[in-house]
Amino acid sequence: MVENREVARIFDEIADILEVLDGDKFKIRAYRRAARTIENLTADLSRFKSKNELKKLPGIGDALAKKIYEIITTGRLKYYEDLRNSLPAGLLELLSIPGVGPKTVAKLFRECGITDIASLERAAKNHELQHLFGMGAKTEEKILKGIALYRRQKERTPLDVAYFQAKRIVESLKNLESAVEISYAGSIRRMKETIGDIDILVASHRPRDVMDAFKTLEGVSEVIASGERKTSVIIGDIQADLRVVDPDSFGSALQYFTGSQLHNIKLRELALRKGLKLNEYGVFRQDEKIAGRREEDVYHSLGLSFIPPELREGQDEIEAAARGELPDLIELSDIRGDLHVHSDWSDGRSSIREIVDKARSLEYEYIAISDHTPAVGITGGLDEKRLIRQMDEIERINGDLDDFRVLSGIEVDIRSDNRLDLPDKILEKLDIVIAAVHTNLTQKKEEMTARILSAIENPNVDIIAHPTGRIIGKRDPYDVDIEALIDAAGSTGTILELNANPRRLDIKDTHARYAKKKGVKVAISTDAHDTSQMEYMHFGVATARRGWLEKDDVLNTRSLDELLRTLKP
DNA sequence: GCCGTTTTCGGCCCGACTGTTTTCAGTCG
């Protein structure tokens, strides 16, 4: 079966090829837009039974529906294969080099016979590019730098790394006298799970001062470009772009700089339809500026309610905002407890009392200690005997607390024979039972789906932890039918975890949105193995927001009593 | 390629920075 991800990749590659071949730019955009739509789908494309069903998807018309249908029925796409065969295999990778675009790739291939990164690097080092029309010594240098940069930073940066780096930059520029307002923007502000580069926006009457401070920040290893209003640097192996605007334009610039690109295109098209013009300096009716200082006003002036950054992916948020039907998104302050924390009884590093202290400092009302079970090899998992001792200890601790409750929980392993790692008679005694897969991750899709379904159907299992098992950038999700799991969770009242660890974020944003549609509740949990990791909660909340979740969709926004009533009896 | 609160045909976001071909194309976001 062809996966959605693969179809999206094919469409992106078609767009790349058409760009190199100097094809119609709107056609190219159509392929990219369709790729994003497919990426954001939770349903497998193979579930679509006709072209007409496919055509209901945004950005999919006759031609693309036909092509998708060809892929899901035959596993191939002739149009794509023909296009791909028209270019040498390594050529498209050149597009990944910063500063090298489709026009350059076409010229390098046509005039120098360059077909891949190795041959480009050789030609640049031998100064064979200088004589080409429109190229000089600086271009050669830029290409070599670009190649080095690409090799160093092939993959996108995990959210947490970029997020904390962005915070540091904002903190150090905040003290500048010349900086009136400052914010990070881009995909970090949208809290996307991986980040391409860091975007910083400053409002100032003295841009030059801000630029200078930015270029000399601690950790800056290279200045890539620097102009009046825009500077790009490499800081700690990631690119950071600074843009400086007048305070009068801060809101519109923040809107523009936050993206996503597709969201911006759709927003600007909407502005045009209303006889307005939107750019980073404001919203304009003819020459009159009608918004710009505050970001809210940009949206309001277009007849929209304010769209939170986490929703700005260019899917259907603009339409929802126009109808006044945006969700009232969950916030970090709605969270009342953390339901998945490991203690030093298994592989955690903190004692239960330390965890309690941390939870109280976060103003939580409850916490669930949920350590591993023995099947998870190296974690020192709890067997029945030790679990009973831990329950006794938790009871003692609760005896010392009056306005806080420690729940006895477990993260019971779902073994590859589909059985849980502890007997039902002990699971019954716990306040909360979390089940998760930890071993034998390469089962076939049907097997893995059945394995997790058996846990969902167990009346003692309250929550399924990290349901797809992915580690961002390191490990793909299990091959599992996530829609089937969510559907089953809906009919059994099982809750799905949204693991807030920034390297997991599992379930992911689009799954959360599907879960909401199916009435499945989500528990946002940190899976902390150390009290400091309990602070990851906001990454989980942000992902929930990206999944359009509201307070009521999330289990651990409830009071202790409500929580206990919601769990399986 | 898609799509419709002017359109089923004729539109399709917008500006900063760089290097080079001295007036603008290419790239990026």
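So you know, we letter chains A, B, ... as the sequences are listed, proteins then strands, and number each from 1. Just so it is clear, the values below take in all heavy atoms, side chains as well, and ignore hydrogens, waters and symmetry mates.
A distance of about 13 Å separates the C1' atoms of B/dT23 and B/dG19, rounded to the whole Å. Taking the C1' atoms as reference points, B/dC28 lies 14 Å from B/dC13, given to the whole Å. Between B/dT6 and B/dC12, the distance separating the two C1' atoms is 16 Å to the nearest Å. Only the C1' atoms considered, B/dC2 is 12 Å distant from B/dT8, to the nearest whole Å. For the P atom pair drawn from B/dG1 and B/dT5, the interatomic distance equals 24 Å after rounding to whole Å. Taking the C1' atom of each, B/dA16 and B/dG10 are spaced 30 Å apart, rounded to whole Å.
Using a 4.0 Å cutoff on non-hydrogen atoms, no part of residues 158-173 of chain A comes near DNA chain B. Taking a 4.0 Å limit (strictly below) on heavy-atom distances, residues 254-281 of chain A reaches DNA chain B at A/Y256, A/Q261, A/I265, A/R268, A/E269, A/L272, A/K277, A/L278, A/N279, A/E280, A/Y281.
Of the candidate nucleotides B/dT20, B/dC13, B/dC2, B/dC13 has the atom nearest to the side chain of A/R29. Of all nucleotides listed (B/dG29, B/dG26, B/dC13), B/dG26 comes nearest to the side chain of A/K103.
For A/S226, no side-chain nitrogen or oxygen approaches OP1 or OP2 of B/dC17 to under 4.0 Å.
The closest side-chain heavy-atom distance from A/I14 to A/R84 is not below 4.5 Å.
Summarising the geometry, the separation between CD1 on A/I224 and P on B/dG29 is reported as 9 Å, rounded to the nearest angstrom. Atom CG in A/L242 sits roughly 10 Å away from atom P in B/dC17 (whole-Å rounding). Between A/F26 atom CZ and B/dG4 atom P there is a gap of 17 Å when expressed in whole angstrom units. The interatomic distance linking A/D241 (CG) with B/dC28 (C1') rounds to 9 Å, in whole Å. Atom P of nucleotide B/dG1 and atom CD1 of A/I10 are separated by 15 Å, given to the nearest angstrom.
If you check the side chains of A/K508 and A/T543, you find no donor sitting under 3.5 Å from an acceptor. Under the 3.5 Å distance criterion, with hydrogens and angles disregarded, no donor-acceptor pair is assigned to the side chains of A/R312 and A/S260. Using modelled atom types and a 3.5 Å distance limit, the side chains of A/Q239 and A/D241 yield a donor-acceptor pair.
When each of A/T42, A/D509, A/D487 is checked for a side chain to side chain donor-acceptor pair (under 3.5 Å) with A/Y514, only A/D487 meets the rule. For the side chain to side chain donor-acceptor pair (under 3.5 Å) with A/E313, the qualifying choice from A/R546, A/H263, A/R36 is A/R546, the only one to do so.
Between A/R189 and A/E295, at least one side-chain nitrogen of the basic residue sits less than 4.0 Å from a carboxylate oxygen of the acidic one, meeting the salt-bridge criterion.
The cationic atom of A/K67 (NZ for Lys, CZ for Arg) lies less than 6.0 Å from the six-membered ring centre of A/Y79 and within 45° of the ring axis.
Side chain of A/S249 to main chain of A/Y281: a donor-acceptor pair is present (N/O by atom type, distance under 3.5 Å, no hydrogens or angles).
Within the shown strands, B/dC9 is the pairing partner of B/dG4 under the Watson-Crick or G-U definition, both distances less than 3.5 Å.
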